[in-house]
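Each remark here refers to the structure printed beneath this line.
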2 protein chains.
Amino acid sequence: MAKEAAGRERPGRAPAPAGRRGRPRQAEVARLAGVSQATVSLVLSGRDIATGRPISAPTRAKVLDAARSLGYVPDPAASRLAAARNNLLGVFSFTATFPTDVRHSYYPFLVGVEQEAAAQGYDLVLFTGSSTGGAGAGGTGALNRVRLADGCLFLGRHAPSDELGRLVADGFPVVHVGRHDEPEGLAWVGADYVSASREVVTALAGLGHRRVLLVREDDDAPASADRERGFLDGLAASGLPGGPGAVFRSGDPRRDLTADRIRAWLADGVSAFVAEETDTGAAWRALRAAVDEAGLDCPGQVSLALLGSPPADLADGPVPMGFDIPRPALGAEAVRLLAARIGGGPAVGTFVACAFRPGTTAGPPATP
Amino acid sequence: MAKEAAGRERPGRAPAPAGRRGRPRQAEVARLAGVSQATVSLVLSGRDIATGRPISAPTRAKVLDAARSLGYVPDPAASRLAAARNNLLGVFSFTATFPTDVRHSYYPFLVGVEQEAAAQGYDLVLFTGSSTGGAGAGGTGALNRVRLADGCLFLGRHAPSDELGRLVADGFPVVHVGRHDEPEGLAWVGADYVSASREVVTALAGLGHRRVLLVREDDDAPASADRERGFLDGLAASGLPGGPGAVFRSGDPRRDLTADRIRAWLADGVSAFVAEETDTGAAWRALRAAVDEAGLDCPGQVSLALLGSPPADLADGPVPMGFDIPRPALGAEAVRLLAARIGGGPAVGTFVACAFRPGTTAGPPATP
DNA sequence: ACTGCGTGTTAATGCGCATTACCTAATGCG
DNA sequence: CGCATTAGGTAATGCGCATTAACACGCAGT
């Protein structure tokens, strides 16, 4: 290795602090200002007043001037090491590349994250799960780099519980977006599907409906279960008949939900249908198709509601009664929670309320 | 004069290394394996053989076992501080928030980046320009956090030269994607528009065209200038008439490029038109519209070419003669360059060749 | 036997910063 | 006036890791 010709110097491998190389350090600011490095740190971090160790105005000024004239910028790695914080928040997405795509479902969420992070004085650092790169030792690998930040948000349902559990066990501040009970002690934020679904049912009951049917897919995600629970809660609260008969479950709604079936239900007293929302929107799609096929007028002869937002390609159809997941708010809440955890707060789970959407697909039941 | 603090313990604020708290450190692995921390570092980094200081097989095994049983994972911040490297590559995108526009999404580029990074043993960390958050001291702020990584790629034409220059001046390894001459000493990779454009003209000349016209927008980006230069070079090389008459420049091609005008050019001996590619694709769009409007048969009566790829919404039209920017290759090359710079290589600029695309919009000139 | 040399391993050091214990005036106060 | 307090600042220390000088131990050569 040939680097500097000055004979020997610093034992470590060594960019010289001398001459004109590399960023200035606090030590150099200190020298220029005629104070100690510690004072520089105190002044620049503003921690002097915060901790009741005030630094006199003239000294402050000297330090700040020196820092500015040298163009001092802190080293985030060193900050993190020394103080266990560098005001960086990680955002980990398990999707292949990072969702820079606006159509991507995470996008609105990220908007909220970004705003709240800025409000709390944090910068963001993004990670993706794809990289299977280097990292010699651990092998655990991918998740490890989030430790660069003070804490990390995790998006995506495919979060591997074991790796996450590892971070949690190490006391690293983590918040998962979307309810997630798996690793004990994991903090999360989730939308309150139960209340929102109940509210939809209550609204239908308020319009006069006496029999309401839930159409759901054959999917056992917690989000689906929550919706069903809210639905049944709503029926009970409105004094409507619940039980298994109030739920129609199908692995292939498009096939099972025929126009005939719809007519039969109507004849049987059902006047409103509620569809679960899923990735594919299959339940909602099938419901609408069947109603159309049966030649029924939507708010007039039958009322429809959707427990969530319609899929993008149906966005210009009539707005369904239902609720919207407040994704930006969810993101903001996640950041708030994470900030609290970094500050030593507890690892709690939090629900964020969804916004009820009246829509145009529900009205009073037809009077035959 | 103060040395012993017999009563107290660690002066720093202190998560205990004791009991069962937090990640294990190399020191604990060392203790368990009955070796020194230095040995652990050597073994885990594999640097023992690399530096010709081999560690004996039994010792290696002990260390590796201990590390595995404790679940040791390295602290990326500490690695970076101590060694000036942590095998992380930054990718900085200057787009506002998380980019809003899908069309010139960086996606294909990122694919190449990701692959090559993995191949080189690096993990990725992503940044965006938006965050205007905390960062006490500097004020320079946003760009600073890239220092967490060993080096950083920069995407986007809006790269502020001064901030970038700062990083470059500090000796931080940086590679900009897209030619960028501004800060002296900035490394970059860019597509070779000059050669690619020349090749297109040569191809047209080879088909027998004697007068070719370039349609460009009123935009002075270096990418546009390069295309024009390549175009003119190509004319010269083919012995065709160049000069200002060979270039039609318009701030609003859709308005200025009328069917009549096209006919006039044809009457004047022009038999092929070449459009510049831009974000909007306005030149190409206008050219096609005018030719259609004039009722001209495209490969038959007039030949067209595009110096780039057609906009997404015109993707299913006829494939224009032109060239494709090898975005994944560009990304890969950028990573290679960055890795080289981290390894101490020079800050060079590199061109990546574009792929000629014959397409179906060009043929021999009409024989009147 | 002493030197030379190769091989393993450890002690010591520092990366850049935050933090704490301590030190020295300059007060306050009964 | 004697002591406690406050204001203002500094020296020392360590975060977790990588790096290297130095040491310890054979084993050959002369």
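Hydrogens, waters and symmetry mates play no part in the numbers below; they use all other heavy atoms, side chains included. Predicted model, so just to flag it, every value in this text is computed and none were measured.
Spacing between atom NZ of A/Lys62 and atom C1' of D/dT10 amounts to 13 Å, rounded to whole angstrom units. Across the protein-nucleic acid pair, B/Leu148 atom CG and C/dC15 atom C1' stand 15 Å apart, rounded to whole Å. Straight-line distance from the CG atom of A/Leu81 to the C1' atom of D/dC17: 8 Å, rounded to whole Å. Rounded to an integer number of Å, the gap from CG of B/Asp75 to C1' of D/dC15 is 9 Å. Atom-to-atom, CZ of B/Arg31 to P of D/dC17 comes out at 13 Å; the value is rounded to the nearest Å.
Between B/Arg23 and D/dC15, a side-chain N or O to OP1/OP2 separation shorter than 4.0 Å is absent. Listed pair B/Arg80 / C/dC15 fails the phosphate criterion, with no side-chain N or O lying under 4.0 Å from OP1 or OP2.
Of the nucleotides present, D/dC1 is the one that pairs with C/dG30 by Watson-Crick or G-U wobble criteria, both distances under 3.5 Å.
With sequence neighbours left out, B/Arg341 forms a side chain to side chain contact (heavy atoms under 4.5 Å, CB included) with B/Pro173, B/Ala187, B/Ala347.
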Enumerate all atom pairs, one protein N or O and one N or O from nucleotides 26-28 of chain D, separated by less than 3.5 Å.
none

Polar atom pairs between nucleotides 9-11 of chain C and protein, under 3.5 Å, N or O only, would you list them?
from	atom 1	to	atom 2	distance (Å)
C/dT9	OP1	B/Ser56	OG	3.2
C/dT9	OP1	B/Thr59	OG1	2.6
C/dT9	OP2	B/Ser56	N	3.0
C/dT9	OP2	B/Ser56	OG	3.2
C/dT9	OP2	B/Thr59	OG1	3.2
C/dT10	OP1	B/Ser36	N	3.2
C/dT10	OP2	B/Ser36	N	3.0
C/dT10	OP2	B/Ser36	OG	3.0
C/dT10	OP2	B/Thr39	OG1	2.3

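Two residues are said to be in side-chain contact when any heavy atoms from C-beta on lie closer than 4.5 Å; B/Leu32 and B/Glu28 fail this criterion.
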